Amino acid sequence: MAAAAAVARSGLRRMFSISEFATPSPRMFSIPAFAPPNPPTPPPKADPSSNLFVSGLSKRTTTDGLREAFAKFGEVVQARVVTDRVTGFSKGFGFVRYATVEDATRGIEGMDGKFLDGWVIFAEYARPRPPMGEPTSQSQQSWGPPSGSWGSR
C-alpha cells in the first residue's frame, strides 16, 4: 500500500514539475502545418463624392447636431444619424450630404479626427451601396434553418 502511494506521489511530482519545460525543446512549439493567415486587405478608398460617411458618433448625437457640426464647412443638403429601430438610439454612424464635392472635402478636413459630443469622429467619402442581389465581398452568415429543412413538406 505504501509503495502504491509513493508511486502516485512521484507521478504527481513528475506531472506538475516544470523542470521539463525549463528549457523548451524546439519541437515543443513547432507545428509543421501552421501558416499564419494573410493580413486582411483594407477596402479601397471611396471616390470623392458629396456624400460623407461619419463614424464614431456618440449615442447622444442627433441628426440636427450632426448637421450643425458639418454646416461650418459648406452647404449641407442632408444629414442623418442612423438609429436602431427598436430603441431609437444612434448606432454610432451617419451620413452627411453636401451640395458640392469641394464642400465635402472641406467637411472631411474640418471634422475627421475631431470631437463631437465628447467622442472622436471619423469622416470619409461614402462608398456606394452595392446593387441589391449582388453578393458582397464579405461572406454573410445565414442564421436561419437550411433551405429544404423543417416543415417544408
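Bear in mind the structure is a predicted one, so any value in this text is a computation, not a measurement.
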* To do: Run the numbers on L66 and F95 for side-chain contact (heavy atoms from CB on, under 4.5 Å), then give the verdict.
  => CA-CA 9 Å; L66 185 65; F95 296 92; over 6 Å; no

* To do: Take V54 and F70 through the test side-chain contact (heavy atoms from CB on, under 4.5 Å) and record every step on the way to the result.
  => CA-CA 10 Å; V54 183; F70 278 83; 3.6 Å; yes

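To the nearest 0.5 Å, the span separating CG on L52 from CZ on R97 amounts to 9.5 Å. To the nearest 0.5 Å, atom OG of residue S55 and atom NZ of residue K91 are 14.5 Å apart. With rounding to the nearest 0.5 angstrom, the CG atom of L116 is 8.0 Å from the OG atom of S58.
Across all their heavy atoms, A46 and R127 have their closest contact at CB-CG, 3.6 Å. Of all heavy-atom pairs spanning V101 and P48, the tightest one is CG1-CB, 4.1 Å. Across every non-hydrogen atom of A126 and S49, the tightest pair is O-OG, 4.2 Å. For the pair E109 and K114, the tightest heavy-atom approach, listed with the atom from each and the gap, is O-NZ, 4.4 Å.
At distances below 3.5 Å, not a single donor-acceptor pair connects side-chain atoms of Y98 with backbone N or O atoms of Q78. Remark: the backbone N or O of L57 is not paired with any side-chain donor or acceptor of T61 at under 3.5 angstrom. A side-chain donor-acceptor contact under 3.5 Å links T63 to the backbone of V81. Remark: the backbone N or O of D117 is paired with a side-chain donor or acceptor of R60 at under 3.5 angstrom.
Looking only at side-chain heavy atoms (C-beta outward), F53 and F93 come within less than 4.5 Å of each other. Residues D103 and F73 fail the side-chain proximity criterion, which asks for heavy atoms closer than 4.5 Å.
Other residues, nucleotides and ligands place more than 12 heavy atoms under 6.0 Å from the NZ atom of K59. Atom CG of D84 has more than 12 neighbouring heavy atoms from other residues, nucleotides or ligands inside a 6.0 Å radius.
No chain of hydrophobic side-chain contacts below 4.5 Å, direct or via other Ile, Leu, Val, Met, Phe, Trp or Tyr residues, connects F122 to V76.
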